[in-house]
Amino acid sequence: GLGDVYKRQGGSMAAVNAVTAICLILLTAEVFYVAVNVIVKKRPEKIAFIRGFKKGKFAFVYLAAVPLFCAGHMYAGRDFLASFFDAINQTVNLVILKYSTASVTLLMEDSAFFTATMYYCFFLVAINAVLFTISLTGQRLWLFAQSVTMRFSAKERLIVFGTGRDCEAVYRSDGARVKALVGDFSHDDAEKLYSAKINYIRTKTPERVAERLVAACSERGKSSVVVINTGDEERNIALCGAFIRGCDALGEKAAGMFGKLRVYVFGDPQYETTYYDIMERSHGCIRYVNKYQKVAMNFVEKYPFALFMDEEQLDYSAAKVRAGVDINVAMIGFGKTNRQIFLTSVANNQFITEREGGTELKKVHYHIFDKNPAENNKNLNHSYYRYKQEREGYDTDAYLPLPSLPADESYHKLDINDTHFYNVLHDAFMSEKNSVNFAVIAFGSDLENIDFAQKLLDKRAEWGVKNLVVFVKTRKDHKDLAVLNAPGCYAIGNERECVFDIREIVGDSIYRMARLRNAVYDVEYLVTCGEGIKPTSDMVAKSKAASDREWYTVRSQLERESSLYCCLSVRSKLNLMGLDCVPKGTRGRRPLTEEEYLARYAKGDMPDFDTYGVEVDGKKVVHYDLDFKPSLRTDLAVHEHLRWNSFMISKGMVPADKERILNETVTRADGSVRYTNGKNYALRRHGNLTTFEGLEEFRRMVAERDGRSEEEKDVIKYDYQLMDDAWWLLNKGGYIIVEKDR
């Protein structure tokens, strides 16, 4: 037979087996090499490895087929050259997955080892073809799968409009939603996103994506969270316009979109008025995000100034600063970050002290250092300095007692390189022996700020300044640097943690507490001012639902921030009386019970409230009378009113005169007319911008005008509510009240 011919030509099964074994070893080695790389490599390296199939780097599996086919031909009696070239021809056919064993049938019948190896080779050719296909179309297939998931998943969606690391950080921070980035990505950027396993929509017209999102939320009822952070203010505004047009086109259906479509747009604070106007036209769907404000709020929440003061500076029994104690803050640099920290601090880091016959505001003194004339700023002129500029022209007889300015500021046009810089800084910190001093460094890059912090710590030791706490603005994490671990030195402003995290964007714990506090306020306002209305559970439920709806659709940004800053001040108030709050589950901290907290806060002076048998999220709805006794509780109510004054003034609000308090009216949508009591957010006036004693005069005026009791027209009770309800509010927000660290 032909086998005998092959043997007569010098061939042998031993030689065939040797060739087969070598091919099997080489094929198995390649399988092992590919498997290890696919399993061990991280996604970017794995994708690059698989894409090597497209470039022919893994064609060895085909080369191994040549000696196998050649051995089969020679075993059938053909000469070497004819066998070799036919083997090459058949291997080429394998590339297009054209399998054929006809030419090697004889050897396959005689050798099971050869047969297994040949089929093993065929199988690897198929696998290689699959990997080659994936290398060509894997990115498109992956994006298609992500698109299908986005369309049909029952989960809420996250759509981020923008490019760059900040947007990618937002994307990665969300593990609960199906998500995608939208932008005009370059080819290289798209490759990097795919390697990083970030779903993306590549488009030059993101406005169309925005309009489709509105339709999807309306028609299919799918809820979406949208973040706009393109880095281009005009593009941001154009995208907002697309969402507004989409909502406008829905007609009456747009009224319910605020719960289905939540659009968070990042914008530079110098354009905040433009973004506020956009919010007003967005049917409650668009919310403006000022990243500098988020940094500032995170700073005030984590490091209230009262946290660093003890019984040497504070009288915990009255929540007051002791006589002879000054509070100084040096702001090194007054750019966007420190300017916002200043405004947020002024609205929250407020203190009271004893004065003859009562309590007064203890102003913090801010020393502002910048190489430019830092006080010249259009936003400050429009907001913080409005009251200061206008109050000199007031006829004081026409107003309730005017509130104090919220802080003292000294501007120093000095660069840190100026030879007089340290002299001026030294004088600021040495105002009083028992002064408490803070420095907020935010003038340059992370390393520049950190370097100056070290110099300031050296000066602290040289000058013998006992109470100096240094805060350093660092955009990234630099915990490995020793200076940031030094006593009394803290890094602030890590944007990955406090800005570009979806939990911070859609609403952190302070935000959730503010909405809850607002809902309770609305219910208790309804009870107090509703002409003897007795609340029912159904009425409370409807009021809370209306409060949640109106938070975005009716309330102004100023009103929302008022509630936010109110809740932001709770920790500082606790610190003033020797307490603190920490997240639930914090080890080593024993939580105070509600009874223990009230015993410390009210000292037996908590009123025996009339209740109505109804609750808002576990908070009893209570009736306040006018029995406000001198106590720690009253001191904290005074503190809250003075803090609210400072917040309002920092936003550009001014007092309303008595004439407007008594006579200004507004016509409601139903045609009814009501008194404004001097409150007009559009014109930035408020009738309650006065001293604590001025609130009593306000109460008498409006009660006499309306022929109602002073109890019904009282507004002082709202200053008590925050700390009366603090234990409940913090518990709802995920916190416990503990003893302050000594």
Side-chain angles (χ1 to χ4, degrees), residues 347 358-361 383-384 386-406 518 521-522 524-531 554-559 561-563 565-566 624-626 628 637-722:
T359 298
E360 68 179 0
L361 186 68
S383 57
Y384 184 75
R386 182 190 177 196
Y387 176 58
K388 185 176 183 179
Q389 293 160 351
E390 294 183 10
R391 72 195 296 262
E392 297 300 323
Y394 290 166
D395 177 3
T396 54
D397 291 337
Y399 287 82
L400 296 172
L402 294 175
S404 170
L405 292 172
N518 182 69
Y521 178 95
D522 285 349
E524 294 189 339
Y525 179 85
L526 176 70
V527 172
T528 304
C529 303
E531 300 185 14
V554 176
R555 302 287 183 193
S556 65
Q557 179 74 357
L558 177 60
E559 290 174 289
E561 288 187 6
S562 179
S563 293
Y565 281 49
C566 172
Y624 279 83
D625 56 28
L626 300 183
F628 303 128
V638 173
H639 178 275
E640 171 57 15
H641 179 64
L642 297 181
R643 184 213 60 80
W644 179 85
N645 279 350
S646 298
F647 164 76
M648 285 295 186
I649 291 171
S650 75
K651 294 296 181 180
M653 296 290 282
V654 295
D657 57 40
K658 294 178 182 178
E659 173 67 22
R660 289 190 174 94
I661 291 172
L662 288 174
N663 298 311
E664 186 179 60
T665 61
V666 63
T667 302
R668 295 174 172 173
D670 60 6
S672 62
V673 177
R674 68 173 180 85
Y675 289 106
T676 67
N677 293 336
K679 180 168 65 176
N680 189 320
Y681 285 109
L683 298 179
R684 297 189 299 161
R685 292 197 311 263
H686 207 294
N688 294 151
L689 264 174
T690 181
T691 63
F692 201 71
E693 295 79 7
L695 294 179
E696 297 178 355
E697 185 177 348
F698 172 88
R699 182 175 67 203
R700 288 193 296 270
M701 287 169 54
V702 296
E704 182 178 347
R705 179 197 65 196
D706 296 343
R708 303 278 293 279
S709 70
E710 288 193 30
E711 184 176 297
E712 291 175 298
K713 292 299 181 180
D714 178 61
V715 293
I716 292 176
K717 59 178 171 289
Y718 301 124
D719 294 318
Y720 283 86
Q721 285 178 334
L722 178 64

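Residues take their numbers from the sequence shown, with the count starting at 1.
- A donor-acceptor contact under 3.5 angstrom links the side chains of Ser556 and Glu559, judged on distance only.
- A distance of 13.0 Å separates CZ in Arg685 from NZ in Lys679, rounded to the nearest 0.5 Å.
- Checking Thr690, Asn677, Asp714 one by one against Phe698, the side chain to side chain contact (heavy atoms under 4.5 Å, CB included) holds for a single residue, Asn677.
- Residue Glu704 qualifies as open at atom CD: its count of foreign heavy atoms under 6.0 Å is 12 or below.
- Looking at Pro406 and Tyr384, their side chains come closer than 4.5 Å, going by heavy atoms from C-beta outward.
- Ring centroids of Tyr720 and Tyr624 are separated by 6.0 Å or more, keeping the two rings apart.
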Might you work through the side chain to side chain contact (heavy atoms under 4.5 Å, CB included) test for Arg674 and Val666, ending with a clear yes or no?
CA-CA 6 Å; Arg674 68 173 180 85; Val666 63; 3.7 Å; yes
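- The CZ atom of Arg700 sits 11.0 Å away from the CG atom of Leu695 when rounded to the nearest 0.5 Å.
- Comment: Glu640 engages Arg643 in a salt bridge, judged by a side-chain N to carboxylate O separation of less than 4.0 angstrom.
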Between Val715 and Arg699, does a side chain to side chain contact (heavy atoms under 4.5 Å, CB included) hold up when you go through it step by step?
CA-CA 7 Å; Val715 293; Arg699 182 175 67 203; 5.9 Å; no
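- With rounding to the nearest 0.5 angstrom, the CD atom of Glu390 is 10.5 Å from the OH atom of Tyr387.
- A donor-acceptor pair under 3.5 Å is formed between the side chain of Arg705 and the backbone N or O of Ile661.
- Taking 4.5 Å as the limit, some side-chain heavy atom of Trp644 sits within range of a side-chain heavy atom of Asn688.
- Side-chain atoms of Ser563 and Tyr521, non-hydrogen and from C-beta on, never get closer than 4.5 Å to each other.
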